[in-house]
Amino acid sequence: MPDLSRQRWVVIGGLASVTAVSWVYILAGAGMGANPDSRAMMDMTTDWSPEYVALMLAMWWVMMVAMMLPSAAPMILLFAAVSRRSGEGENAVPPTALFAAGYLIVWGGFSLIAVSLQWGLDKLALLNPMMASASVPFGGALLIATGAYQMTPLKHACLRHCRSPIQFLGRHWQPGAAGAMRMGIEHGLYCLGCCWVLMTLLFYGGVMNLVWIAGIALYVLVEKLLPAGHKIGRLIGVVLILWGTGLLIRFLA
């Protein structure tokens, strides 16, 4: 097997392993036990101790890895191939690992912001013990805001970068280990700009709701990888706006 092919399988194996471990962690309850709706968890949600904050941060970061790494796989694999052929070194695995690490660092930063938002929403009594929306106006507004963001130029500018790995690498290529890390961070920022509002929907359906986690992850894959991803994104935006509007109308009626 050619060396390039072997390295490609090493990268694929690494991505698959990290993704699998992340999903196992989520399915196991993300450190909160196999039954996330237990009474123990309900008691924990009111106690924002340093240990609980650390647990929430780990949960969000691993959840972002599980949800976002599969959709980033085509970019990471293309980076590995280009890095190997660029003549900078015989082994493309280390710079590819740095590229992926830069990407995941960005989602780690988002996870910190998400935990801060969760704390604020919890203090305002807008989340129930399952970390889902406890307020119809809040839930409706969240759906409408997410749907509206799906229509914005910023959303689709970021989505174009995520859907065009060749163009991204051609425009942003930087040599060396530091360059690989910076490129991973840049790609992560575009991906964050594309998807961060979608992730706030977890505050509507439940931060540990496996159906919502899997559904959003699947949608991100569809939006980024299918040829009609742009159109699907706009359609989902319309659906979310109508959904949120319907909730608010029924609440006010």
Side-chain angles (χ1 to χ4, degrees), residues 25-26 29-33 35-68 105-152 154-155 158 189 191-217 219-220 236-253:
Y25 180 76
I26 293 171
M32 291 179 285
N35 183 14
D37 62 347
S38 65
R39 182 68 209 176
M41 180 185 167
M42 293 177 69
D43 292 339
M44 285 176 66
T45 57
T46 60
D47 177 21
W48 283 87
S49 64
E51 292 79 10
Y52 184 67
V53 171
L55 178 62
M56 288 295 100
L57 179 58
M59 180 194 72
W60 272 98
W61 200 353
V62 173
M63 190 161 56
M64 293 303 101
V65 172
M67 296 173 72
M68 300 307 302
I105 285 171
V106 171
W107 284 103
F110 169 79
S111 300
L112 183 60
I113 296 172
V115 172
S116 301
L117 286 173
Q118 184 180 332
W119 174 83
L121 293 172
D122 185 57
K123 293 301 180 183
L124 293 172
L126 292 176
L127 297 180
N128 64 24
M130 294 299 297
M131 295 180 280
S133 173
S135 163
V136 173
F138 169 67
L142 189 58
L143 290 168
I144 293 172
T146 304
Y149 187 74
Q150 290 293 105
M151 312 292 187
T152 63
L154 176 59
K155 157 75 181 189
C158 292
L189 289 173
C191 191
L192 181 65
C194 173
C195 299
W196 74 271
V197 180
L198 283 170
M199 297 305 163
T200 65
L201 286 179
L202 292 169
F203 290 125
Y204 177 78
V207 173
M208 280 300 292
N209 185 321
L210 294 177
V211 174
W212 277 84
I213 295 171
I216 294 173
Y219 169 73
V220 169
I236 292 297
V238 172
V239 171
L240 291 172
I241 291 172
L242 293 176
W243 185 359
T245 302
L247 287 178
L248 294 179
I249 290 174
R250 286 197 298 273
F251 176 77
L252 296 172

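Sequential numbering from 1 along the given sequence is applied to the chain's residues. This structure is a prediction, so every number in the text was calculated from the model and none was measured.
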Which atom names give the shortest non-hydrogen contact between S135 and S133, and what distance separates them?
-> O-OG, 2.8 Å
Set of side chain to side chain contact (heavy atoms under 4.5 Å, CB included) partners for V238, sequence neighbours left out = M151, L242
CD (E51) and CE (M56) are apart, to the nearest 0.5 Å, by 12.5 Å
Heavy-atom closest pair (L127 atom, F138 atom, distance to 0.1 Å) is CD2-CE2, 4.5 Å
With Q150, which residues qualify under side-chain hydrogen bond (donor to acceptor under 3.5 Å, both in side chains), at least two apart?
-> K155, Y219, E223
If you take all heavy atoms of C194 and C158, which pair is closest and at what distance?
-> N-CB, 3.6 Å
List the atom pairs, donor and acceptor, that lie under 3.5 Å between side-chain atoms in residues 201-217 and the rest of the protein, sequence neighbours left out.
from, atom 1, to, atom 2, distance (Å)
N209, OD1, V211, N, 3.0
N209, OD1, W212, N, 3.3
N209, ND2, G205, O, 3.1

Supply the atom-to-atom distance M131 CE to L121 CG, rounded to the nearest 0.5 angstrom.
-> 12.5 Å
When you look at Y149 and L198, which way does the side-chain contact (heavy atoms from CB on, under 4.5 Å) test go after all the steps?
-> CA-CA 9 Å; Y149 187 74; L198 283 170; over 6 Å; no
When L240 is tested against each of L142, I144, L143 for side-chain contact (heavy atoms from CB on, under 4.5 Å), which residue passes?
-> L143
Show the atom names and distances, to 0.1 Å, of all donor-acceptor pairs under 3.5 Å that link a side chain in residues 244-253 to residues at least two apart or in another chain.
from, atom 1, to, atom 2, distance (Å)
T245, OG1, I241, O, 2.7

Output side-chain donor-acceptor pairs under 3.5 Å for residues 109-119, partner residues at least two apart or in another chain, one line each.
from, atom 1, to, atom 2, distance (Å)
S111, OG, W61, N, 3.3
S111, OG, W107, O, 2.7
S116, OG, L112, O, 3.1
Q118, OE1, W60, NE1, 2.9

